[in-house]
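What you see below is based on every heavy atom in this structure, not just the backbone, and it leaves out hydrogens, waters and symmetry mates.
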Amino acid sequence: MAKKGKILEVDIENKKIRIEREPNWIQVGKAVFNRENLKAGEFIEYEIKGANFDFKRKLEDKPDFNNKKDNYGNKFGNSQAKSNLSKPTVKEMYYPYNFVSLGNPETIKKEREEGRSEEYKNKQRYSGKLVCTLTNLTPIFTSGNKKEDGIKNHFKEEFLYGNGKYIIPASTLKGEIRNIIEVITTSCIKNVSDERLEKRETESLKSIGLIRRKPTDETSGLIVEADRIKINRENVLAKLKEFSFQDRKGKINLKEGFYKIKVNSKIRNYIFKDKNSPKIDDLKIYEDCCNGNEEAILWISSNIQNKRYEKILIPRKNGRTFQFSKQDYEDLTYLISQRKKREEKAGNSKFYLKEIEENEPVILKEENGKINLTFSEFPRLRFKLSPYDLIPEPFRACSNKDKLCFACKLFGTTGNDNAQDTETKMNSLAGKIYFSDLILEKAIENEFFDITLKPLGEPHPSMTSFYLKNGSYNDENATIRGRKFYWHHSDKIKAGKNYKIYEKSIVSEKKEKFNSTIRALKPGNKFNFEISFKNLTDEELGVLIYALELEEDLLHKVGKAKALGFGSSKITIEEFFLNSEEKYSNFFNPYINGDKQKFISIIKEKYLNLNRKEIKELKIILKNTNNLDFSKSPFPEVTNKKGELNSLNWFIKMKKDYEENFILPEITDY
Ligand SMILES: [Zn+2]
């Protein structure tokens with residue numbers, strides 16, 4: 001079948017080209033090469049049959065890649081425009097993280113089989129240790145003791161301290177190194193949640209209805225559409241005894257809940273008078289239209305952010321009806337229970353809702369013929385699929401201890417928590433490498449500084465357009481984009497010890513619930529640690545050494561506040577010891593010195609091939625410099641009408657301006 005693709009590079013001398021998403025350089029026939037004058041950046045149609053490249057034609061424009069599969073069988077990325085709307089520029093999209101592609105699913109399948117082969121079992125093995133240092137080039141922080149700091153729910157976090165030393169725990173660095181090794185060796189993905197996510201809507205939902213019939217296993221439920229009119233809390237409801245009460249401090253509060261009330265036909269005049277936002281603002285109007293014999297529901301919900309209105313719902317004459325399933329109803333009940341939990345956490349033990357019964361209101365959103373029910377106009381909705389559901393099958397966590405991916409063989413596994421049934425659940429398997437904690441070499445107190453950081457949380461807990469290719473968590477065709485990595489902030493690396501220059505761009509003016517004050521370590525400090533290993537093959541040892549030292553201009557990112565530019569670090573292997581053959585006979589010198597380069601050269605060809613998209617992406621995102629400008633703020637921010645500058649406003653604006661084209665570019669786009 002003919003494919004379409006972009007030429008990334010042309011090797012004129014050897015008449016070879018590299019096409020986006022093709023794993024290898026492609027040899028072009030001499031006649032075609034001389035005739036077509038192929039250039040990087042051009043789009044072509046072509047076919048690959050075995051080892052032969054069959055050139056079809058040049059394409060005028062970028063083809064529509066949507067819903068086509070790449071040569072790995074994965075769905076194409078989202079960076080292709082879906083509509084005629086313009087796309088955000090890379091400059092607008094300086095987001096702190098991005099995703100490295102998962103790689104070729106055939107590679108992980110092969111690796112899992114090879115682990116069982118005699119050849120793998122009989123390979124020469126190496127044991128020994130690596131004595132290393134880690135130097136932080138930007139501030140670094142790992143979280144130790146925390147205590148409330150002046151303001152309720154605002155915490156001051158100390159740098160982790162144990163046994164008289166400042167430390168970075170072994171598990172923190174191990175996680176970072178494993179992440180990198182997973183990319184290099186096309187390994188499985190660990191610890192992706194199988195909880196279905198919720199998202200917060202930013203636009204008010206249009207449809208509201210009343211449940212007429214609850215669903216059962218056999219029959220669907222029924223909702224009838226309703227008209228709504230807002231009713232003023234302070235000027236109307238607070239003056240009506242049946243809906244309000246006076247608390248101990250003498251303040252008038254409203255009683256949350258659903259109330260059956262009677263209205264007359266005049267209320268429709270008020271609704272039609274102001275089609276966009278009908279409201280009842282004074283008691284006289286309420287008395288005028290809220291008596292009669294038509295049934296309606298007054299809905300008083302929680303008083304969040306001092307809102308001014310509640311609402312009355314009246315079944316619409318000749319309105320639409322909606323059917324919904326038992327699963328839809330259970331999702332709604334789940335959302336209510338999650339909200340109740342959040343309310344309890346915030347100290348409100350009496351959230352008014354448990355389940356929504358017949359003749360009570362729901363808010364609904366239709367999406368691709370599916371219905372999402374909720375109970376708030378700016379609600380959280382529950383997605384139909386979990387992130388785990390969207391990992392392409394070959395990359396799901398290893399579930400058979402005889403068939404492990406490269407990373408699981410090396411690091412071991414903590415068991416497959418994501419396996420759906422207990423049959424395939426795997427007991428944890430010990431790894432072959434052991435990290436020590438990282439210990440700060442010279443603990444000088446004035447090398448630490450206190451800083452109140454901007455909130456690290458994302459404005460949207462589940463930015464589907466960022467985490468997924470092709471659609472949302474409601475869409476079975478969607479897949480996760482890959483493994484998450486944070487960009488280095490070149491301005492901060494360049495500043496070196498002089499962190500005061502950029503301090504302002506990451507500091508929060510106020511101490512709040514949403515941010516914290518931390519005691520971070522200044523740039524330019526050194527930690528000592530060791531990694532001991534046993535029974536590694538030459539490839540496993542080579543990959544480990546490479547993943548630690550990387551390359552001259554590539555850096556690690558370790559610890560907390562990565563989004564704010566913290567934790568950019570360089571690891572150096574100071575000493576490399578291999579167990580000597582006569583370990584037991586020579587008590588004083590059990591080790592010999594190993595040769596790092598020898599092991600790296602073994603893996604170079606197989607694992608660090610830049611023709612692999614994910615290797616190219618990894619090297620770009622680990623690089624100490626890049627095209628992203630984080631010097632003003634770590635997150636893109638926009639000022640809204642009220643003059644508030646924040647990241648949520650940026651999301652709202654971008655979503656409005658670009659609609660479905662508001663997607664995170666791929667790493668190679670930067
Ligand atoms: Zn694995």
Side-chain angles (χ1 to χ4, degrees), residues 111-134 167-188 190 398 401-415 426-439 527-550 556 571-608:
E111 182 66 37
R112 281 176 176 149
E113 292 302 328
E114 270 174 10
R116 298 197 294 182
S117 68
E118 287 306 307
E119 199 203 334
Y120 177 80
K121 284 177 191 156
N122 294 332
K123 273 190 171 170
Q124 191 187 349
R125 300 294 161 139
Y126 299 87
S127 301
K129 70 176 176 186
L130 298 159
V131 180
C132 308
T133 56
L134 177 144
I167 57 176
I168 298 170
S171 57
T172 297
L173 184 65
K174 195 174 165 184
E176 298 304 323
I177 301 295
R178 180 168 186 151
N179 227 356
I180 290 169
I181 290 182
E182 283 179 1
V183 175
I184 298 173
T185 61
T186 322
S187 289
C188 73
K190 285 277 180 202
C398 293
K401 70 174 169 42
D402 295 322
K403 286 185 176 183
L404 294 178
C405 70
F406 193 104
C408 283
K409 279 186 213 129
L410 195 58
F411 288 90
T413 139
T414 46
M426 190 171 51
N427 293 325
S428 72
L429 201 80
K432 301 191 284 186
I433 50 184
Y434 311 89
F435 285 67
S436 74
D437 285 338
L438 291 78
I439 292 168
F527 290 81
N528 295 314
F529 67 104
E530 281 184 12
I531 298 169
S532 47
F533 54 90
K534 63 173 192 204
N535 295 329
L536 300 192
T537 66
D538 51 4
E539 285 187 358
E540 288 168 343
L541 187 49
V543 165
L544 175 63
I545 290 169
Y546 177 82
L548 286 166
E549 287 201 321
L550 297 170
H556 288 284
I571 291 175
T572 308
I573 299 174
E574 306 289 346
E575 287 181 282
F576 171 24
F577 296 119
L578 287 172
N579 283 3
S580 77
E581 301 291 327
E582 58 287 37
K583 177 172 177 181
Y584 302 102
S585 61
N586 186 348
F587 181 81
F588 293 104
N589 189 16
Y591 293 115
I592 54 169
N593 288 317
D595 177 0
K596 289 187 290 190
Q597 285 316 316
K598 180 188 130 190
F599 288 94
I600 286 176
S601 65
I602 287 165
I603 61 144
K604 219 164 196 165
E605 184 88 349
K606 182 169 170 186
Y607 292 106
L608 304 175

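- Not counting sequence neighbours, the partners of K604 by the side-chain contact (heavy atoms from CB on, under 4.5 Å) test are L608.
- Residues Y434 and K129 have side chains not in contact (no heavy-atom distance under 4.5 Å, counting atoms from C-beta outward).
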**Study point:** Working for side chain to side chain contact (heavy atoms under 4.5 Å, CB included), residues R112 and C408
**Key:** CA-CA 10 Å; R112 281 176 176 149; C408 283; over 6 Å; no
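- Put simply, the side chain of E182 does not reach to within 4.5 Å of the side chain of C405, judged on heavy atoms.
- From I433, atom CD1 reaches atom NZ of K174 across 7.0 Å, with rounding to the nearest 0.5 Å.
- Atom CZ of F527 sits about 9.5 Å away from atom CD1 of I167, to the nearest 0.5 Å.
- In the displayed structure, E574 atom CD is contacted under 6.0 Å by more than 12 heavy atoms of other residues, nucleotides or ligands.
- Atom CD1 of residue I439 and atom OG1 of residue T133 lie 13.5 Å apart, to the nearest 0.5 angstrom.
- Every residue two or more places apart in sequence or in another chain was checked for a salt bridge (Lys or Arg N to Asp or Glu O under 4.0 Å) with K598, and none qualifies.
- Judged by distance alone, the side chains of S436 and E530 never bring a donor and an acceptor atom under 3.5 Å apart.
- Residues passing the side-chain contact (heavy atoms from CB on, under 4.5 Å) test with E111, sequence neighbours excluded: E114, F406, K409, Y607.
- Under the 3.5 Å distance criterion, the side-chain polar atoms of K121 are matched with a main-chain donor or acceptor of R116.
- Counting heavy atoms from C-beta outward, N579 and F533 have side chains that stay 4.5 Å or more apart.
- Taking NZ of K596 as the reference point, atom CD1 of I545 lies at 8.0 Å (rounded to 0.5 Å).
- For I571, the side-chain contact (heavy atoms from CB on, under 4.5 Å) partners two or more places apart in sequence, or in a different chain, are C132, L134, L173, I177, F529, L548, H556.
- In this view, F599 and Y126, F576 satisfy the ring-ring contact (aromatic ring centres under 6.0 Å, His included) rule, not counting sequence neighbours.
- Heavy-atom minimum distance, S187 versus A407: OG-N, 2.9 Å.
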Exercise for review: List the steps, then state whether side chain to side chain contact (heavy atoms under 4.5 Å, CB included) holds for F577 with N593.
Suggested key: CA-CA 5 Å; F577 296 119; N593 288 317; 3.5 Å; yes
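- Among all heavy-atom pairs drawn from G542 and I600, the shortest one is O-CG1, 4.3 Å.
- Note that CG of L410 and CG of L536 are 6.0 Å apart. Values are rounded to the nearest 0.5 Å.
- Here T537 pairs with Y120, K123, R125, E539, E540 under the side-chain contact (heavy atoms from CB on, under 4.5 Å) rule; sequence neighbours left out.
- Between I181 and L544, the shortest heavy-atom contact is CD1-CA, 4.2 Å.
- Contact of the E549 side chain with the T572 side chain is registered, since non-hydrogen atoms from C-beta on lie closer than 4.5 Å.
- Taking CD1 of I180 as the reference point, atom OG1 of T185 lies at 11.5 Å (rounded to 0.5 Å).
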